[in-house]
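Notes to accompany the following structure.
Below, chains carry the letters A, B, ... as their sequence lines are ordered, and counting in each starts from 1.
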Amino acid sequence: MSAPDVSGDRVEVRACPRGPWLVRGATVVRDAAGVEHVPTRPVVAVCRCRKTSRGPWCDGTHKSIPGY
Amino acid sequence: MLQFLRTRSIYHLKESDPQAFVLPRLEGAAKVALAELLYDEFGGGRPSQLHAALYGDALQAAGLDREYGTYLDEVSALTLAVSNAMSLFCLHRRLRGAAMGHLAMFEITSSVPCRRIAAGIERVGLPPAASAYFHEHVEADAVHEQVAARDICGSLVAAEPGQRTEVLLGAATCLVLDDLAAREQLGTWLGTETAA
Ligand code: FES
Ligand SMILES: [Fe+2]
Ligand SMILES: [Fe+2]
């Protein structure tokens, strides 16, 4: 799946196996609809499974997707 | 629901304080990752977002006392054991691996349950401030579980392979004690309490 839509000077993105993107240093994260969200914590988990109820953030839903 | 909130006050009103003692006992990448996690637990630079204070706000919104220790005498031995295990692990250098294994398992088992607890709080009609703590933890702990498992425990074990069994001990302790405490709690609610 393509990388998350983020902005920032020194952004570090890492894919967690069978989990979210772990993003450090982003000043803006855009969700699937292009709406901008400002991270309030030093590192954020951006949903990679597309099933979260709180996009763009991971809410743990990926754990209940068989085979993800 | 009120009883549940009182029970959880034993740990959540001092949330992450035990783990702060582990910081000087770690080195390198594991230390950096724990500091990053703690910064978030301690409000990320915003006093109003201190997790322990958010829990105090939740208690207050539910008409309960936010002072630490108010409900100490009414909680069960198992509830105290859950909290004491953290203090035991976190206050001894030789148990730092167990402390971080416990933390990782605690975070891993938090996000999804917090979503359901928040929904339960709203279902019984308590105000938004009562569920805000749990909503915050849906997102926060989805992050923390990755940071704790990979960057704290992963880095610790990579640097000191001997810590692997300690990390697993902590993780297993978290699961066993939480399971026992949860069974006891459910037994009380369902009226099927058996001697633990
Ligand atoms: S990756 Fe966690 S909910 Fe989608
Ligand atoms: Fe927290
Ligand atoms: Fe957390």
Does CD belonging to B:Glu27 count more than 12 external heavy atoms closer than 6.0 Å?
no
Side-chain heavy-atom pair A:Thr52, B:Glu139 within 4.5 angstrom cut-off
no
Say whether B:Ile10 and B:Met86 are linked into one hydrophobic cluster, either directly or through other cluster members, by side-chain heavy-atom distances under 4.5 angstrom.
no
The reported gap from SG in A:Cys58 to CD in B:Glu145 (rounded to nearest 0.5 angstrom) is 6.5 Å
Given B:Arg115 and A:Ser53, is the side chain to side chain contact (heavy atoms under 4.5 Å, CB included) satisfied, shown in steps?
CA-CA 10 Å; B:Arg115 183 154 29 111; A:Ser53 61; 4.2 Å; yes
Closest heavy-atom pair, A:Gly60 versus B:Ser111, reported as atoms and distance to 0.1 Å, is N-OG, 4.2 Å
Please answer: with hydrophobic residues joined when any side-chain heavy atoms are less than 4.5 Å apart, are B:Leu13 and B:Leu2 in the same cluster?
yes
Inter-chain contacts: residues 23-33 of chain A against chain B, heavy atoms under 4.5 Å
A:Arg24
Show the nearest heavy-atom pair for residues B:Ala142 and A:Ala45, with the distance to one decimal.
O-CB, 4.0 Å
Enclosure of B:Arg183 CZ (heavy-atom neighbours >12, cutoff 6.0 Å)
no
Scanning both residues in full, the closest heavy-atom pair of A:Arg41 with B:Val143 reads CD-CG2, 4.0 Å
Here the pair of heavy atoms bringing A:Leu22 nearest to B:Asp151 is CD2-OD2, 4.1 Å
Hydrophobic clustering (ILVMFWY, side-chain heavy atoms < 4.5 Å, transitive) - are B:Val32 and B:Leu38 grouped together?
no
Flag yes if B:Leu54 and B:Leu64 sit in one hydrophobic cluster, no otherwise; membership is Ile, Leu, Val, Met, Phe, Trp, Tyr, and two members link when side-chain heavy atoms are under 4.5 Å apart.
yes
Over 12 foreign heavy atoms within 6.0 Å of CZ, B:Arg66
yes
Between B:Val176 and B:Met105, is there a shared hydrophobic cluster once you connect ILVMFWY residues whose side-chain heavy atoms come closer than 4.5 Å?
no
Using non-hydrogen atoms and a 4.5 Å limit, figure out which bit of A:Pro17 sits close to chain B: side chain, backbone, both or neither.
both
Give every donor-acceptor pair under 3.5 Å between a side-chain atom in residues 42-51 of chain B and any protein atom, sequence neighbours left out.
{"unit_1": "B:Arg46", "atom_1": "NH2", "unit_2": "A:Thr40", "atom_2": "O", "d": "3.3"}
{"unit_1": "B:His51", "atom_1": "ND1", "unit_2": "B:Glu15", "atom_2": "OE2", "d": "3.3"}
{"unit_1": "B:His51", "atom_1": "ND1", "unit_2": "B:Glu41", "atom_2": "OE1", "d": "2.8"}
{"unit_1": "B:His51", "atom_1": "ND1", "unit_2": "B:His137", "atom_2": "NE2", "d": "3.0"}
{"unit_1": "B:His51", "atom_1": "NE2", "unit_2": "B:Glu136", "atom_2": "OE2", "d": "3.0"}

